[in-house]
Number of protein chains: 2
Amino acid sequence: MDKRITIYDLAKTLGVSAGTVSRSLNDHPSISQKTKDRVISKANELGYKTNKFAVNLSKQKSNTIGVIVPKLNSIFMSTVLAGIEKIANEAGYNLIISQSLESMEKEKLNAKTLYDSGVDALLVSLAYDTTDFDHFANYIRNKIPLIFIDRVHNLPNCSTIIIDNKLAGFEATEHLITQGCKNLLYISGNLKRNVYSERLKGFKEAMAKHNLKFDKANLLESDLGPSSVKDVIAHIKNNNIPIDGLFVANDTFAAHCIKELKKENYKIPGDIKIIGFNNDPISELVTPTLSTINYPGYELGVLAGQSVISHLNGGIDLHPANSITLRHKLIIRESTL
Amino acid sequence: MDKRITIYDLAKTLGVSAGTVSRSLNDHPSISQKTKDRVISKANELGYKTNKFAVNLSKQKSNTIGVIVPKLNSIFMSTVLAGIEKIANEAGYNLIISQSLESMEKEKLNAKTLYDSGVDALLVSLAYDTTDFDHFANYIRNKIPLIFIDRVHNLPNCSTIIIDNKLAGFEATEHLITQGCKNLLYISGNLKRNVYSERLKGFKEAMAKHNLKFDKANLLESDLGPSSVKDVIAHIKNNNIPIDGLFVANDTFAAHCIKELKKENYKIPGDIKIIGFNNDPISELVTPTLSTINYPGYELGVLAGQSVISHLNGGIDLHPANSITLRHKLIIRESTL
DNA sequence: AATATTAACGCAATCGGTTGCGTAATAAGT
DNA sequence: ACTTATTACGCAACCGATTGCGTTAATATT
């Protein structure tokens, strides 16, 4: 029971060649049904397990999909991953997951490691500070499917899966304005990342549409870490004209803002109305409940998964350089009423 | 640039054997420094990349660690994973992550897939309904390190990494009692899982210590899904003696309970004091802020990572059948004051 | 100087499948 | 009955490293 049995063992006991065993096991058309049956039943009898290492070597593919995300421990990202994993698993692929920890250097290392490991495809959500993209060159050159999700960058022949962040930003902002806010503040993540810069565009457009002039004071770029909440409070307290509407780049940070603002005796939504982003579970649990934009993370993951799989199975790019845009949705709760 | 070059290409252009190239690249002692230098510089010059597939096949190991968790999209689990990933990555291992979705069947499939993929070790946090453990037999038989984290089970020669759930449960409960609660309710997850059953033991012990008799009405087993909050409310409303202290198996569910109880006009902590578990980020953001037990997920992951790596490097089990217990901590916030 | 060591490397088997090509045996065509 | 297709399988060359063992050449021993 210790020694793993191989196709050669099977071949010998059955009196056929190893090639025949291999083809039988893979249901190759040029093998008679009778032989296939013999091989398969004998394989079961002896408890044969195919050795993936050998398969990988000879096929030069690993049945594995690499994923690089900024952080694993964010509810949004782990939800996306849950979606990806489900699809990949169903399709018989394994997922190798690594995190860049928002550092381009680590992202590069991960990209290289995964490349060397021979992943068949790579899914990436970019780190905060990624500015160049040479680390993906190998993938592109060797035609390994490369798909960006959420935090994307346009590279030739790479798909992207996103939502319409500009429109979402527009809708969130217009909602604040409709609720009577006159002096808005957009608390953004790193503007190098599409998700935040696009939302800023939408923010500006909404202001323009409603005859509000955009000023630097209407924007605060932040790393969205818990310790940066104080910057937000400072910005708000020091502003000439009192801010009455806050558009925050994610729900968790928005929740922290709410907490601190309440501590500073601001009334939410009385003094300041707040809208977040993502529709994280937390948005329903804070007081007041948080208006937000629903960003379907799980669906995003599922779509990303399906996209890679189809790339991988289709062989040819079914949708060369395509971009999938998911539907978002404005969710109105107490914090803007 | 297209054709990957192999040790044979190197061997040919250098006029040495492939074996020498291989040994040079691996810094084998029986090769002269001069030759090593020649090989290495030529390798760099030609852009040689070692083919992991071939290495895996000949070494029969993959440099990969498998992980099975119930769900990816939980803040606790993804935090644990973040810790594991960091360590594994630093040690040069890849992580293949899969989720059982709380189903034993899927857990079995995952265990099999990962085994077939040739992972060098397996980390597992058990699904809700896992009752038998045959799917791990292959690992044990072939001496592949198997480590359980958080939701554990005692199997021969398998490490477990946990906290003292019983003591934590005791402390949480005693804290409620100290705050004046007389009629407690423990809202538990599936009691087949050690984490929940241990906490129940602690719960009972604390009650006993303070001369409170434990009754079925003091326990509610739940799947802790959002839709089960109504059961909690029903249980509380229908109870003969009004419940004044709630010990909830995790913070997220506790947050949901708080929300619904407030909606039902219960005052927290006035009418009912509540303590959660895990110290999820949400516990600080709800109103009132939630008392809880700090469960250091990241450290747990780090420790799990270090443990596997040492198993893997040490070859021999350094700590056969050991069990690592992390320190937890009672965190008192508004919900129990 | 003759022999025993040691250092440095080559040979070839091995890991376990996959697959193009060739061929014997059987079935079909005329 | 003879030629032509088909079917069913065997052969052996890969895939790209690793590694035990043997061999040559350089160094040490007495």
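Atoms considered below: every heavy atom in the structure, side chains included; atoms not considered: hydrogens, waters and symmetry mates.
- The nearest whole Å value for the distance from the CG atom in B:N26 to the P atom in D:dG20 is 13 Å.
- Every residue two or more places apart in sequence or in another chain was checked for a salt bridge (charged side-chain N to carboxylate O under 4.0 Å, His left out) with B:D134, and none qualifies.
- Residue A:K61 contributes atom NZ, which lies 18 Å from atom P of C:dG17 at whole-angstrom precision.
- Under the rule for a side chain to side chain donor-acceptor pair (under 3.5 Å), B:K71 has no partner lying at least two apart in sequence or in another chain.
- Residues A:T64 and A:N94 are in side-chain contact: their nearest non-hydrogen atoms beyond the backbone lie under 4.5 Å apart.
- End-to-end axis angle of the helix from C:dA1-D:dT30 to C:dT30-D:dA1, using five pairs per end and rounding to 10°, comes to 40°.
- For B:I7 and D:dT19, the CD1 to P distance is 11 Å, given to the nearest whole Å.
- Evaluation of the side-chain contact (heavy atoms from CB on, under 4.5 Å) rule for A:I40 yields A:L25, A:N44 as partners, not counting sequence neighbours.
- A:Q306 meets the side chain to side chain donor-acceptor pair (under 3.5 Å) test with no other residue; sequence neighbours excluded.
- Side-chain contact annotation: A:Y298 with B:N73, donor-acceptor N/O pair under 3.5 Å absent.
- Looking at residues 43-56 of chain A, you'll see A:Y48, A:K49, A:T50, A:N51, A:A54, A:V55 sit with a heavy atom under 4.0 Å from some atom of DNA chain C.
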*Can you give one letter per nucleotide of nucleotides 9-14 of chain D, going 5' to 3': B for a protein heavy atom under 4.0 Å from the base, S for sugar-phosphate only, - for none?*
BBB---
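- With sequence neighbours excluded, the residues forming a salt bridge (charged side-chain N to carboxylate O under 4.0 Å, His left out) with A:K112 are A:D116, listed by chain and number.
- Rounded to a whole Å, the CG atom of B:L25 is 8 Å from the P atom of D:dT18.
- The salt bridge (charged side-chain N to carboxylate O under 4.0 Å, His left out) search around A:K52 returns none, not counting sequence neighbours.
- Taking for each of B:P29 and B:L57 the nucleotide of DNA chain C with the nearest heavy atom, the 5'-most of the two is the partner of B:P29.
- Applying the ring-ring contact (aromatic ring centres under 6.0 Å, His included) rule to pairs touching residues 89-123 of chain A yields A:Y115-A:Y139, sequence neighbours excluded.
- C:dT18 atom C1' lies 16 Å from atom CG of A:D27, rounded to whole Å.
- Between the C1' atom of D:dA17 and the NZ atom of B:K12 lies a distance of 16 Å, rounded to the nearest Å.
- Taking A:R23 as the reference, nothing meets the salt bridge (charged side-chain N to carboxylate O under 4.0 Å, His left out) condition, with sequence neighbours excluded.
- Applying the side chain to side chain donor-acceptor pair (under 3.5 Å) test to B:N56 and every residue at least two apart in sequence or in another chain returns nothing.
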